[in-house]
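The basis for the numbers below is simple: all heavy atoms, side chains too, and nothing from hydrogens, waters or symmetry mates. Lettering follows sequence order; numbering is per chain, from 1.
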There are 2 protein chains.
Amino acid sequence: MELASITKRQKEIIEAAGMILARSGIGGLTTKNLAKELNFTESALYRHFNSKEDIIVSMLDYLACTMDQHFSEIIDTEKPLDVQLMALFDAQFKLFNDNKYFVVVVLSDDLIQNSVAMTNAVKRIMSVKSSHLTTIVEQGQSQGVIIDTIPCDQIIHVIMGAFRLLIVKWRMDSFKFNIKEKGGEMMQALLTMIRLS
Amino acid sequence: MELASITKRQKEIIEAAGMILARSGIGGLTTKNLAKELNFTESALYRHFNSKEDIIVSMLDYLACTMDQHFSEIIDTEKPLDVQLMALFDAQFKLFNDNKYFVVVVLSDDLIQNSVAMTNAVKRIMSVKSSHLTTIVEQGQSQGVIIDTIPCDQIIHVIMGAFRLLIVKWRMDSFKFNIKEKGGEMMQALLTMIRLS
DNA sequence: AAAAAGTAAGTGAATATTCACTTACTAATA
DNA sequence: TATTAGTAAGTGAATATTCACTTACTTTTT
């Protein structure tokens, strides 16, 4: 997962786009709003990107890279399983808290339908998360710490589903509740469900 | 949850809107496309609804009613817990299979941001499902069939999260895989996680 | 002075909605 | 019973607005 070379201005645009997305959804993400958010004109956007789709796809790719980097730094296969798992989600919750707009993008159903490029970009983001999770869960199963009567991908599915739903609720609550706290509780519940001992 | 009085024509419009939503997302749901789908003109839509938002909100409410009815018929508190749970999800998967467009609506994050009326309608749909689930899980916990070391709403959260994610994957797969089959496997995994015995 | 980054003012296409008007059918009245 | 009035459901054309994007020109940076 290589980091695309992105200028300072491009990053600013990407971040503004993300903020708008988080605040008012894909319907709110217009070139006009984007320009206003950045305090310059619509036409100036086209000095830095060829099209609006380009902006979104760049944002998704940037996001995938950031997440991948973030996770890679966190995971330490030497540590006990549940510590790893908690660390992964702690990192994720923190990442989301610092960049709330990630949230919308990560689980936007609507981006999926817009174009092939976007569909693929969204899928890439989903797979980044699930591949890191797989590493942990498989390790846990072979170590006898996680139940192995349930196939690994089912476990991943359940974990990711719970995670996504929490994010949805968070957004519906206008990001008001403490995501790290609620996330922690949720992870405890999940661990209880999948732990062997 | 009372059934709103809806004319035959209104129901047709609602269903067409749902189909478009499932096929091409909220971006595709324009009055033009809707009229084309129904084989009459855009203006005719306004004989039956005051606005496009009205159409969508009516659709969401209709959906909530249908789901509620559907579930109420299914649940039989005399039967064993896992049978009830399986029946509930069987019913849901069947409902979704017969009306694929429900899917998009039920977990559309994008509808949420459009207006207060829509936000509330989406929330209503979510709560229909979770209230029926709560009945079952609480019963299971007091009977000692479901783990009670985890609070009921955490269990509900995990179940609903897994369910929603399955639906997302189904849609990303263009409704190709057999949802009842995959759903059954998923429910088995979930039951293993939350069962006490 | 050349290149990069900005602006003002447009473009055509698409949007939801409204307009005056027609058609087919039903209810009221003479 | 024949005519009149009323209505539900449709039409095509036009509305103002918004969309992503372009062109020609100016400012800023290097």
Side-chain angles (χ1 to χ4, degrees), chain A residues 4-21 23-60 104-105 108 110-119 121, chain B residues 4-21 23-60 62 105 108 110-119 121:
Chain A
S5 55
I6 269 182
T7 70
K8 208 173 177 66
R9 211 26 154 189
Q10 281 179 319
K11 201 183 159 190
E12 279 175 37
I13 294 174
I14 283 174
E15 257 154 17
M19 279 183 57
I20 292 172
L21 222 45
R23 192 192 311 134
S24 39
I26 206 173
L29 184 56
T30 65
T31 50
K32 192 178 178 180
N33 287 347
L34 191 49
K36 196 195 292 172
E37 181 77 33
L38 288 156
N39 286 316
F40 55 55
T41 57
E42 293 177 62
S43 28
L45 292 172
Y46 293 88
R47 287 277 168 223
H48 306 277
F49 289 100
N50 293 325
S51 66
K52 185 180 147 180
E53 187 182 344
D54 253 32
I55 296 178
I56 299 176
V57 171
S58 293
M59 179 180 63
L60 294 172
V104 189
V105 176
S108 175
D110 214 48
L111 283 180
I112 293 175
Q113 273 149 330
N114 262 316
S115 76
V116 185
M118 288 192 209
T119 309
Chain B
S5 56
I6 268 181
T7 69
K8 208 176 178 63
R9 212 23 154 195
Q10 282 179 319
K11 201 182 158 190
E12 280 176 36
I13 295 175
I14 283 174
E15 258 154 17
M19 280 184 56
I20 292 172
L21 222 45
R23 192 191 311 133
S24 39
I26 220 201
L29 185 56
T30 64
T31 50
K32 191 177 179 179
N33 286 347
L34 192 49
K36 196 196 288 171
E37 181 76 34
L38 288 156
N39 286 315
F40 55 55
T41 57
E42 294 176 62
S43 24
L45 292 172
Y46 293 87
R47 292 279 168 217
H48 307 276
F49 290 100
N50 292 326
S51 66
K52 186 180 143 179
E53 185 182 346
D54 254 31
I55 297 178
I56 299 175
V57 171
S58 295
M59 179 180 62
L60 295 171
Y62 174 75
V105 177
S108 178
D110 305 295
L111 285 181
I112 293 175
Q113 273 148 330
N114 264 314
S115 76
V116 185
M118 286 192 209
T119 309

Margin query: I need a per-nucleotide contact map over nucleotides 2-9 of chain C, read 5' to 3'. Cutoff is protein heavy atoms under 4.0 Å; write B for the base, S for backbone only, - otherwise.
Written below: ---BBBB-
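The side-chain heavy atoms of Glu15(A) and Met19(A), taken from C-beta on, include no pair separated by under 4.5 Å.
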Kindly give the atom pairs (protein nitrogen or oxygen, nucleotide nitrogen or oxygen) under 3.5 Å for nucleotides 25-27 of chain C.
none

Tabulate atom names and distances for all N/O pairs under 3.5 angstrom spanning the protein and nucleotides 13-15 of chain C.
none

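One interatomic measurement links the two molecules: CG of Leu34(A) to C1' of dC19(D), which rounds to 14 Å at whole-angstrom precision. We find that CD1 of Ile26(A) is positioned 13 Å from P of dC19(D), with the value rounded to whole Å. One interatomic measurement links the two molecules: CD1 of Ile55(A) to P of dA20(D), which rounds to 9 Å at whole-angstrom precision.
Evaluation of the side chain to side chain contact (heavy atoms under 4.5 Å, CB included) rule for Ser43(A) yields Thr41(A) as partners, not counting sequence neighbours. Remark: Tyr46(B) engages Thr31(B) in a side chain to side chain contact (heavy atoms under 4.5 Å, CB included) (not counting sequence neighbours). Partners of Glu53(B) by side chain to side chain contact (heavy atoms under 4.5 Å, CB included), not counting sequence neighbours, listed by chain and number: Ser51(B), Val57(B), Ser115(B), Ala117(B), Met118(B).
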Next item on the list: Decide yes or no on side-chain contact (heavy atoms from CB on, under 4.5 Å) for Arg9(B) and Phe40(B), but give the supporting numbers first.
Entry: CA-CA 12 Å; Arg9(B) 212 23 154 195; Phe40(B) 55 55; 3.3 Å; yes
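Side-chain atoms of Lys52(B) come within 3.5 Å of backbone atoms of Leu29(B) as a donor-acceptor pair (strictly under, hydrogens ignored). Looking only at distances, a side-chain donor or acceptor of Asn33(B) sits under 3.5 Å from a matching main-chain atom of Gly28(B). In terms of modelled atom types and a separation under 3.5 Å, the side chain of Gln10(B) and the main chain of His48(B) share a donor-acceptor contact.
With values rounded to the nearest 0.5 angstrom, Lys32(B) atom NZ is found 13.5 Å from Leu45(B) atom CG. Between atom CD1 of residue Ile13(B) and atom CD of residue Glu37(B) there is a gap of 12.0 Å, rounded to the nearest 0.5 Å.
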